[in-house]
Novice: 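Submitted below is the structure of interest, expressed as structure tokens.
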Protein chains: 2
Amino acid sequence: MNSILSALAEPNRLHIVELLRDGPLTVGEIADRLGLHQPQASKHLRVLSEAGLVEMQPVANRRIYRLRPQPLMELDAWLASFRRIWEERFDRLDEYLLELQKLEQKHDDKP
Amino acid sequence: MNSILSALAEPNRLHIVELLRDGPLTVGEIADRLGLHQPQASKHLRVLSEAGLVEMQPVANRRIYRLRPQPLMELDAWLASFRRIWEERFDRLDEYLLELQKLEQKHDDKP
DNA sequence: TTGGAATATTCCTGTCAAGGTATATTCAAG
DNA sequence: CTTGAATATACCTTGACAGGAATATTCCAA
């Protein structure tokens, strides 16, 4: 979960993932479209690869990179656990304020 | 989108967000549960706040922090654009290989 | 078999962010 | 008004990471 998020947190890498959403690409094409030098593209792809976000298939000289769905599915599952917050307007602030108040009162009790 | 991801990429901050999923908390409580010093907790909350992931309401001495759904909804929407990839087993690798082959042939044509 | 294209790796450097510590601020209670 | 609790901020140091440039590797074609 964490390696996924930090992989996606880098703007160029996020951009790469978005590029690959439309289909596989070679390193050179990715570097071109992002205006990156080839080594930086390779390095970003390495990070994405270690996070499991992409996989590579060599074809002669080139390396074709494509998305792997699993990490995105994990992220989706994680997000799902928050969905009630916006679907049910789940808040609990009032509840929490009451609890705080109770704690204050207990604190005031002299034993 | 980017500030959201980099905010969540830090393990302690991800943890804070998960804590707040169950309801609002004060800075001190958050620091306690994560085993953080109070200043670090405040700093992480600042980052989360700037990313719009949390909001704060002062109550006397304390600051109560709670989740804000919107950024998580944005993340969800972004993820949605990838959902076809794993729902339809969308791949396009074969397509792409064919395209590559065509390019090779064109490259071989002597004008 | 030699050359050039495509890619990965290495080394260097600068920047940024996180933790630690000290301090400032605000508030309630006595 | 003073004290202590809760929180935010500032400053410093250190480690991680991204970009740049050079180089190694692999493969195809002539």
Side-chain angles (χ1 to χ4, degrees), chain A residues 2-16 20 24-51 54-66 96-97 99-101 103-110, chain B residues 2-16 20 24-51 54-66 96-97 99-101 103-110:
Chain A
N2 199 287
S3 69
I4 301 172
L5 285 170
S6 38
L8 294 176
E10 209 283 330
N12 289 312
R13 286 197 291 263
L14 185 66
H15 206 318
I16 291 180
L20 294 180
L25 290 174
T26 58
V27 178
E29 288 172 316
I30 293 174
D32 281 354
R33 303 206 192 179
L34 297 212
L36 290 179
H37 294 154
Q38 174 267 320
Q40 339 298 337
S42 282
K43 284 188 251 183
H44 284 309
L45 285 166
R46 187 159 167 44
V47 176
L48 289 173
S49 184
E50 282 165 357
V54 303
E55 63 190 346
M56 183 266 280
Q57 171 170 348
V59 170
N61 233 357
R62 336 202 173 179
R63 310 294 156 99
I64 302 184
Y65 282 87
R66 58 181 158 174
Y96 186 70
L97 289 176
E99 273 184 34
L100 268 189
Q101 228 173 344
L103 286 181
E104 302 294 327
Q105 286 171 358
K106 269 189 189 165
H107 184 263
D108 285 353
D109 290 348
K110 317 283 182 187
Chain B
N2 199 286
S3 69
I4 301 173
L5 286 170
S6 39
L8 294 175
E10 208 285 329
N12 290 312
R13 286 196 292 262
L14 184 67
H15 206 319
I16 291 180
L20 294 181
L25 290 174
T26 58
V27 178
E29 289 172 316
I30 293 173
D32 281 353
R33 304 206 192 178
L34 295 212
L36 289 179
H37 295 155
Q38 173 267 321
Q40 340 299 336
S42 283
K43 283 189 247 181
H44 284 309
L45 285 166
R46 186 156 165 49
V47 176
L48 288 172
S49 182
E50 281 166 355
V54 303
E55 62 190 347
M56 182 266 281
Q57 170 170 350
V59 170
N61 233 358
R62 337 202 171 179
R63 310 293 156 99
I64 303 183
Y65 283 86
R66 59 181 157 177
Y96 187 70
L97 289 175
E99 273 184 35
L100 267 188
Q101 230 173 344
L103 287 181
E104 302 293 328
Q105 288 172 356
K106 268 189 190 168
H107 183 263
D108 287 354
D109 289 348
K110 318 284 185 186

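Protein chains get the first letters and strands the later ones, always in sequence-line order, with residue 1 at the start of each.
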Novice: Between B/Tyr65 and D/dA8, is there a side-chain N or O to OP1/OP2 distance below 4.0 Å?
Specialist: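 Checking B/Tyr65 against D/dA8: at least one side-chain N or O falls below 4.0 Å of OP1 or OP2.
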Novice: Are OP1 or OP2 of C/dT26 and a side-chain N or O of B/Arg63 less than 4.0 angstrom apart?
Specialist: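 Answer no for this pair, as no side-chain N or O of B/Arg63 is under 4.0 Å from OP1 or OP2.
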Novice: Just grab all the salt bridge (Lys or Arg N to Asp or Glu O under 4.0 Å) pairs involving residues 30-44 of chain B, residues at least two apart or on different chains.
Specialist: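 Qualifying pairs: none.
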Novice: About how many Å separate CE of A/Met56 and CG of A/Leu45, when rounded to the nearest 0.5 Å?
Specialist: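 So the CG of A/Leu45 and the CE of A/Met56 are separated by 9.5 Å.
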Novice: Is a donor-acceptor pair below 3.5 Å formed from side chain B/Asn61 to base C/dA28, judging by atom type as modelled?
Specialist: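 Flag unset: no donor-acceptor pair detected.
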Novice: Counting only non-hydrogen atoms, which of residues 30-41 of chain B are less than 4.0 Å from DNA chain C?
Specialist: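 B/His37, B/Pro39, B/Gln40 - these, ordered by number, are the residues of the stretch whose heavy atoms sit under 4.0 Å from the strand.
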Novice: Kindly point out which of C/dA5, C/dC27, D/dA21 is positioned nearest to the side chain of B/Ala60?
Specialist: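 The nucleotide sitting nearest to the side chain is C/dC27.
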Novice: For a quick test of reading the model: is some side-chain N or O of A/Arg62 closer than 4.0 Å to OP1 or OP2 of D/dT26?
Specialist: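 No, no such contact exists.
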Novice: The side chain of A/Thr26 is closest to which nucleotide in this list: C/dT7, D/dG19, C/dT9?
Specialist: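 So the side chain of A/Thr26 is nearest to C/dT7.
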Novice: Taking 4.0 Å as the cut-off, does a side-chain nitrogen or oxygen of A/Asn12 come that near to OP1 or OP2 on D/dG19?
Specialist: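 So the side chain of A/Asn12 is within the cut-off, an N or O lying under 4.0 Å from OP1 or OP2 of D/dG19.
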Novice: Is A/His44 near enough to D/dC17 that one of its side-chain N or O atoms lies under 4.0 angstrom from OP1 or OP2?
Specialist: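 Negative; the distance criterion is not met.
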Novice: Just jot down the side chain to side chain donor-acceptor pair (under 3.5 Å) partners of B/Ser42, sequence neighbours excluded, or say none.
Specialist: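 Scan of B/Ser42 (side chain to side chain donor-acceptor pair (under 3.5 Å), adjacent residues dropped) gives B/Gln38.
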Novice: How many whole angstroms separate atom CE of A/Met56 from atom C1' of C/dT9?
Specialist: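 For the pair A/Met56 CE and C/dT9 C1', the rounded distance is 13 Å.
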Novice: Nearest to the B/Ser42 side chain among D/dA8, D/dA6, C/dT7, which nucleotide is it?
Specialist: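 Nearest to the side-chain atoms of B/Ser42, counting from C-beta on, is D/dA8.
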